[in-house]
Amino acid sequence: MTVPTAAEADSLAERIAAVVTAHPAVLRLHGGVFGDVVTYLPGRRLTGVRVGMGDEPVELGVVLVLDRPIPEVVRALRHEVSRMCSGAAVDITVADVALPGETGPTGQ
Amino acid sequence: MSETTSAPTVKSPTTSASSPARLADDTSQGRTTIAASVVQKIAGIAAREISGVYSMGGGVSRAFGAIRERIPGGGTGGTNIAGVQVEVGEKQAAVDLDIVVEYGASIVELARAVRRNVITAVERMTGLEVIEVNIAVNDIHLPDADNNEEIPTVQAARVE
C-alpha cells in the first residue's frame with residue numbers, strides 16, 4: 001500500500017467510517033476492547049477506525065446486529081475496506097452485538 | 001491488541017473438519033477479533049431458546065445481573081449473559097453455563113439439547129469452533145412456586 005500522508009489518512013478514515021456504517025448489519029462503530037481504535041481529527045475523534053501508516057493494518061471496531069453470521073459481515077467489510085485502501089490488511093474487532101430491534105447504549 | 005483477548009487455556013487449533021473455513025483468509029488480509037461478550041450473548045440466547053430452561057445463573061450471578069441491569073451503561077442484555085462464562089481464542093471458544101431447569105424436564109436430555117443449540121448458534125454466528133460446553137444445573141424450578149402466587153389472581157378473575 002502506498003504510504004498515505006496524514007491528511008490523506010484522516011479523510012480516508014472518514015470515508016471508511018461512512019462505508020462501514022452503511023452496512024445494514026453494522027449498528028455503530030466501537031473503539032475496540034481498550035478504546036484504542038480511534039482516529040484523531042482536528043476538533044474531534046473518530047472512534048472505531050484507525051488507518052495505520054505504511055504496512056500497518058487498518059483497524060476497525062464495530063458493534064453488529066445479530067441477524068446474520070458474523071463471518072459473513074466481517075468478510076464483506078474487509079473486502080470493501082481493503083479495496084479502498086489498495087489491498088491493505090484489515091483487522092476487525094467485533095466488540096459487541098445487539099439483537100435485531102434492540103438499540104445498544106449510545107455511549108462507547 | 002487483539003492478541004490480548006485470546007485465552008491461554010484454549011488449545012491450539014486442531015485439524016478438525018468442522019473448523020470454519022473463513023479463518024484461512026485471515027492471516028494475509030487481517031485479523032478478526034470477536035469479543036467474549038459477543039460469544040456470551042449468543043450462547044445465552046441459544047441456551048434460553050430450549051424449553052425447559054427456566055432461567056440462567058447461580059444465585060450470585062443472578063443477583064449480580066439484577067444489580068447490573070439497574071446501572072446505566074452496565075451493558076444491554078445483562079439478562080442474556082447471566083450464567084454464561086466463555087473463553088474465546090482466535091479460532092476456538094469454550095462455554096460454561098449455569099442453568100435452572102423446570103421440574104419435569106429430563107435433565108440429561110435438556111442438557112444435551114442446550115449443548116447442541118449453543119454449539120450450533122455460536123459456530124454459525126461467530127465462525128469459532130466450540131471445543132466444549134460445560135453445563136451446571138444448579139437449581140430446579142418447581143411449578144408450585146408460581147402457582148401459589150397466581151391462585152389469587154385466578155380466583156379474582158372467576159368471580160367477575
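The sequence lines fix the lettering, A, B, ..., with proteins before strands; numbering per chain opens at 1. Just so it is clear, the values below take in all heavy atoms, side chains as well, and ignore hydrogens, waters and symmetry mates.
You'll find the side chain of Thr32(B) stays beyond 4.5 Å of the side chain of Ile70(A), heavy atoms only. Between Lys41(B) and Asp96(A), the closest side-chain pair of non-hydrogen atoms falls below 4.5 Å. Here the side chains of Ile45(B) and Leu99(A) are in contact, with some heavy-atom distance below 4.5 Å.
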task: Evaluate the criterion side chain to side chain contact (heavy atoms under 4.5 Å, CB included) for residue pair Ile34(B) and Val74(A); output intermediate values, then yes/no.
output: CA-CA 10 Å; Ile34(B) 294 176; Val74(A) 164; over 6 Å; no

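In this structure, Ala35(B) and Ala95(A) approach most closely via the heavy-atom pair CB-O, 3.4 Å. Closest heavy-atom contact between Arg78(A) and Arg31(B): NH2-O, 3.2 Å.
With sequence neighbours excluded, the residues forming a side chain to side chain contact (heavy atoms under 4.5 Å, CB included) with Ala47(B) are Met56(B), Leu97(B), Val114(B), Val118(B), listed by chain and number.
Within 6.0 Å of CZ in Arg68(A) there are more than 12 heavy atoms belonging to other residues, nucleotides or ligands.
Rounding to the nearest 0.5 Å places CZ of Arg75(A) at 10.5 Å from CD of Gln29(B).
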